[in-house]
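Written out below as structure tokens is the structure these notes cover.
Note: hydrogens, waters and symmetry copies are ignored here, and every other heavy atom, side chains too, is used. Only a predicted model underlies this, so the values are computations on that prediction, with no experimental measurement involved. Throughout, protein chains are lettered first and strands after them, A, B, ... in sequence-line order, and every chain is numbered starting at 1.
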Amino acid sequence: MPELPEVETMCRRIAPVVGCRIGNLKRSSSPLQSILIYPRLSVFRRRVKGQTIAAISRLGKRVVLELENGERIVIEPRMTGLILLDNPPDRKHLRLIFELEGGSARQLLFWDQRGLGVVRLLSPGEFRKELGPERIGPDALRITPEILRKRLVGSRRAIKVALLDQHAIAGIGNLYASEILHRAGVHPAKPCNELKPRHWAAIHAAMRKVLQEAIRHQGSTLRDGTYRVTRDEPGNYQDKHRVYQRAGKPCLQCGAAEIVRIVQAQRSTFFCPVCQR
DNA sequence: CCCCAGTCCTGCGGGC
DNA sequence: TGCCCGCAGGACTGGG
């Protein structure tokens, strides 16, 4: 599932779309239910046609394409979405095709196996209202240790659950939350308001380390194989996972304990009962 | 404020 | 061998 490192990797791969002009916008003719797109396709197409893509950025787990008129295309891959320049894994799950002109990329593709992804076109006002700093917390790679602590320390929620709250801090998903807390040596069920300054420092440092390392390895390709760098190239960070999907296997840190799986907020959490207290 | 369960969706793997 | 069911979870919603 694309989280910060995977979305960052996709952003870097599709950087050539900057400077291109959008031609046609097409939905693929797959028999599958089509992904959510706002506004509806005909309106979306009319508003983006002829616009040049001025900039690309990542907002937490979303990709933002800023157009020269100030409108923004926001792509949320959610569980299985992929944003590519070419060679989608198959035709069946290809959902959306932006044809491009006048630059170094010919097209921009949105492929999504499960179809939970969302693509939106937002005016500057809509963007501020729906995805502004009031709604989306500071990016996990830009937040300072002080602000991280300040935003979460008042909460009685378990730290693992809090790290997934995009309103508090943006970019962390289920996989990296477990990896970060293991690296930090903090128990995932620990309430935020019981964590000491040294814990916050450890979490902040672990967060930077894990996310940057994952970006360097171009993200994690899981067993289902949906996330890829290109059709023929998986990410590599899955080989570095210390806890995620390793229940019953020995902890790579202490070597003694077995990794345990628990459920928090209806999601799997993996941790080492010895290294994380 | 926070929690929980339900919703969307497809493919996979376990059990029988 | 085939079929059913549960599971994966990001973001959101409604009820408590």
Side-chain angles (χ1 to χ4, degrees), chain A residues 1-8 10 27-28 30-38 58-64 74-83 88-96 110-120 122 126-127 129-132 134-137 139-140 150-180 188-195 211 214 219-228 234 238 241 243-248 261-270:
Chain A
M1 53 270 184
E3 303 181 24
L4 188 154
E6 290 77 24
V7 177
E8 179 66 27
M10 289 194 262
R27 188 114 77 177
S28 77
S30 148
L32 293 170
Q33 177 90 23
S34 51
I35 52 126
L36 290 178
I37 164 170
Y38 299 113
R58 180 181 58 74
L59 180 68
K61 304 177 201 174
R62 298 164 166 98
V63 172
V64 179
V74 178
I75 307 174
E76 288 183 45
R78 301 224 177 151
M79 290 299 289
T80 55
L82 281 182
I83 309 162
D90 60 44
R91 302 299 295 185
K92 181 181 173 192
H93 301 94
L94 182 59
R95 311 281 180 156
L96 218 48
F110 185 65
W111 181 95
D112 189 354
Q113 185 181 85
R114 292 190 15 210
L116 295 176
V118 178
V119 178
R120 289 189 287 176
L122 299 175
E126 289 170 323
F127 184 81
K129 190 162 149 244
E130 295 181 34
L131 295 171
E134 309 274 297
R135 299 291 294 271
I136 306 292
D139 192 82
K150 206 172 278 177
R151 290 183 75 90
L152 297 180
V153 75
S155 168
R156 290 189 301 273
R157 280 188 296 180
I159 179 63
K160 152 69 162 39
V161 176
L163 286 178
L164 296 180
D165 182 355
Q166 304 300 301
H167 308 292
I169 173 171
I172 299 171
N174 202 48
L175 189 168
Y176 292 101
S178 283
E179 292 297 322
I180 288 165
K190 198 88 175 154
C192 290
N193 60 2
E194 292 177 18
L195 291 171
L211 295 176
S220 301
T221 297
L222 302 181
R223 289 199 274 262
D224 68 9
T226 49
Y227 168 75
R228 353 242 326 127
Q238 63 281 0
H241 293 176
V243 288
Y244 188 75
Q245 289 186 338
R246 291 196 65 250
R261 173 185 176 271
I262 58 172
V263 175
Q264 294 179 280
Q266 298 153 264
R267 264 157 208 129
S268 296
T269 300
F270 300 87

Return no unless some side-chain N or O of [X] is found under 4.0 Å from OP1 or OP2 of [N].
{"X": "A/Tyr176", "N": "C/dG9", "value": "no"}
{"X": "A/Arg78", "N": "C/dA8", "value": "no"}
{"X": "A/Gln166", "N": "C/dA11", "value": "yes"}
{"X": "A/Ser155", "N": "B/dC2", "value": "yes"}
{"X": "A/Ser268", "N": "C/dA8", "value": "yes"}
{"X": "A/His93", "N": "B/dC9", "value": "no"}
{"X": "A/Lys61", "N": "C/dG9", "value": "no"}

Within this structure, what is the [atom1]-to-[atom2] distance between [X] and [N], rounded to whole angstrom?
{"X": "A/Ile172", "N": "C/dA11", "atom1": "CD1", "atom2": "C1'", "value": "16 Å"}
{"X": "A/Ile37", "N": "B/dC8", "atom1": "CD1", "atom2": "C1'", "value": "17 Å"}
{"X": "A/Phe110", "N": "B/dC9", "atom1": "CZ", "atom2": "C1'", "value": "12 Å"}
{"X": "A/Trp111", "N": "B/dC9", "atom1": "CH2", "atom2": "P", "value": "17 Å"}
{"X": "A/Leu36", "N": "B/dC8", "atom1": "CG", "atom2": "P", "value": "12 Å"}
{"X": "A/Arg114", "N": "C/dA11", "atom1": "CZ", "atom2": "C1'", "value": "13 Å"}
{"X": "A/Gln266", "N": "C/dA11", "atom1": "CD", "atom2": "P", "value": "15 Å"}
{"X": "A/Asn174", "N": "C/dG9", "atom1": "CG", "atom2": "P", "value": "5 Å"}

5'-most contact on DNA chain B (nearest-nucleotide basis), A/Asp224 vs A/Val161, goes to A/Val161
5'-most contact on DNA chain B (nearest-nucleotide basis), A/Arg157 vs A/Arg95, goes to A/Arg157
Judged by nearest nucleotide, the residue sitting upstream toward the 5' end of DNA chain C, A/Leu131 or A/Leu116, is A/Leu116
Walking DNA chain C from its 5' end, the first of A/Phe270 and A/Arg120 to be reached, judged by nearest nucleotide, is A/Phe270
Checking all strands, does [X] fall into the base, sugar-phosphate, or nothing category for heavy-atom contacts under 4.0 angstrom?
{"X": "A/Tyr244", "result": "sugar-phosphate"}
{"X": "A/Met79", "result": "base"}
{"X": "A/Arg135", "result": "nothing"}

CZ of A/Arg62 to CD1 of A/Ile83, rounded to nearest 0.5 Å, is 12.0 Å
dist A/Leu195:CG -> A/Lys190:NZ (nearest 0.5 Å) comes out at 7.0 Å
message = For a quick check, tell me whether the side chain of A/Arg267 and the base of C/dG10 share a donor-acceptor pair closer than 3.5 Å.
response = yes
Closest of B/dG11, C/dC12, C/dG10 to the A/Lys92 side chain is B/dG11
Contact check, side chains of A/Ile75 and A/Val118, non-hydrogen atoms, under 4.5 Å:
no
message = Does either side chain, that of A/Thr226 or that of A/Gln113, offer a donor lying less than 3.5 Å from an acceptor on the other one?
response = no
query = Are a donor atom and an acceptor atom from the side chains of A/Tyr244 and A/Ser220 found within less than 3.5 Å of each other?
reply = no
query: Taking 4.0 angstrom as the limit, do A/Glu126 and A/Arg120 come out as a salt bridge?
result: no
